[in-house]
Chemist: 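Dropping the structure in here first, questions after.
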Amino acid sequence: ISASRVDSQIADRVASLPLVRSAYDMVSAAYTSTKESYPYMKSVCDMAEKGVKTIASVVVSSAQPILNKLEPQISTANEYALKGLDKLEEKLPEAKLAEEFWELKSTSCQV
C-alpha cells in the first residue's frame with residue numbers, strides 16, 4: 001500500500017463520520033455564501049485558494065521521498081488509527097445522533 005493510499009484510508013473514515021461531515025458541510029456552505037455575497041472577498045478567497053493549491057503541490061512533491069521512506073511506519077499508524085475509529089464507533093453509537101444535531105442547527109440558522 002502506498003503512503004498516499006494509506007493516508008486516504010484514515011482520511012476517508014474520519015471524513016465519513018457524521019459529525020465531521022456535517023461540520024464540513026456547514027463551514028463549506030458559509031464559505032461559499034460569503035464568496036457569493038461579497039465580490040471583494042471572492043477575489044481574495046480565489047487568490048488564496050490558488051496559492052494554497054500551488055503550495056500544496058510543491059509540498060507533496062517535495063515530501064514524497066520522505067513519505068516513501070516512512071511508508072511502513074505510516075501504514076502501522078494507519079492500522080492503529082482505523083482500529084481506534086472502530087472502537088470509537090462501537091462505544092459511541094450515539095455519535096450518529098450528532099448528525100441530526102448539526103442538521104437541526106443548520107436548518108435553524110438559515111434565514
Chemist: With sequence neighbours excluded, tell me which residues meet side chain to side chain donor-acceptor pair (under 3.5 Å) with Asp46.
Modeler: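 Asp46: side chain to side chain donor-acceptor pair (under 3.5 Å) contacts with Lys35, Lys42.
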Chemist: Can you measure from OG (Ser43) to OH (Tyr38) and round to the nearest 0.5 angstrom?
Modeler: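 Those atoms lie 15.0 Å apart.
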Chemist: Rounded to the nearest 0.5 Å, what separation is found between the CD atom of Glu49 and the OH atom of Tyr31?
Modeler: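 If we round to the nearest 0.5 Å, Glu49:CD and Tyr31:OH are 3.0 Å apart.
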Chemist: Strictly distance-based, threshold 3.5 Å: is any side-chain N or O of Ser57 a donor or acceptor partner for the main-chain N or O of Lys53?
Modeler: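 Pair absent, no side-chain N/O of Ser57 close to backbone of Lys53.
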Chemist: Less than 4.5 Å apart, any side-chain heavy atom of Leu82 and any of Lys87?
Modeler: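 No, their side chains stay 4.5 Å or more apart.
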Chemist: Is Ile10 close to Leu85 at the side-chain level, that is, under 4.5 Å between some pair of heavy atoms?
Modeler: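 Yes, close enough: below the 4.5 Å cut-off.
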Chemist: Using modelled atom types and a 3.5 Å cut-off, is there a donor and acceptor pairing between side-chain atoms of Arg21 and backbone atoms of Ala15?
Modeler: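 No, Arg21 side chain to Ala15 backbone: no donor-acceptor pair under 3.5 Å.
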Chemist: Verify, without hydrogens or angle tests, whether Thr32 (side chain) and Ser28 (backbone) share a donor-acceptor contact under 3.5 angstrom.
Modeler: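 Such a contact is found between Thr32 side chain and Ser28 backbone.
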Chemist: Can you check whether Ala29's main-chain N or O pairs, donor with acceptor, with Ser33's side chain at less than 3.5 Å?
Modeler: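 No; judged by distance alone, with no hydrogens or angles, the pair does not exist.
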Chemist: Restricting to side-chain contact (heavy atoms from CB on, under 4.5 Å), what partner residues turn up for Leu70, sequence neighbours left out?
Modeler: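 In terms of side-chain contact (heavy atoms from CB on, under 4.5 Å), with neighbours along the sequence ignored, Leu70 is linked to Ile66, Gln73, Ile74.
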Chemist: Counting only heavy atoms not in Tyr24 (residues, nucleotides, ligands), do more than 12 fall under 6.0 Å from its OH?
Modeler: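 Counting other residues, nucleotides and ligands, OH of Tyr24 stays at 12 neighbours or fewer.
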Chemist: Between Ser75 (side chain only) and Glu71 (backbone N and O only), is there a donor and an acceptor less than 3.5 Å apart?
Modeler: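 Not confirmed, Ser75 side chain does not pair with Glu71 backbone.
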Chemist: Any side-chain to backbone donor/acceptor pair from Ser61 onto Val58? Under 3.5 Å, distance only.
Modeler: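 Checking the backbone N and O of Val58 against the side chain of Ser61, a donor-acceptor pair under 3.5 Å is found.
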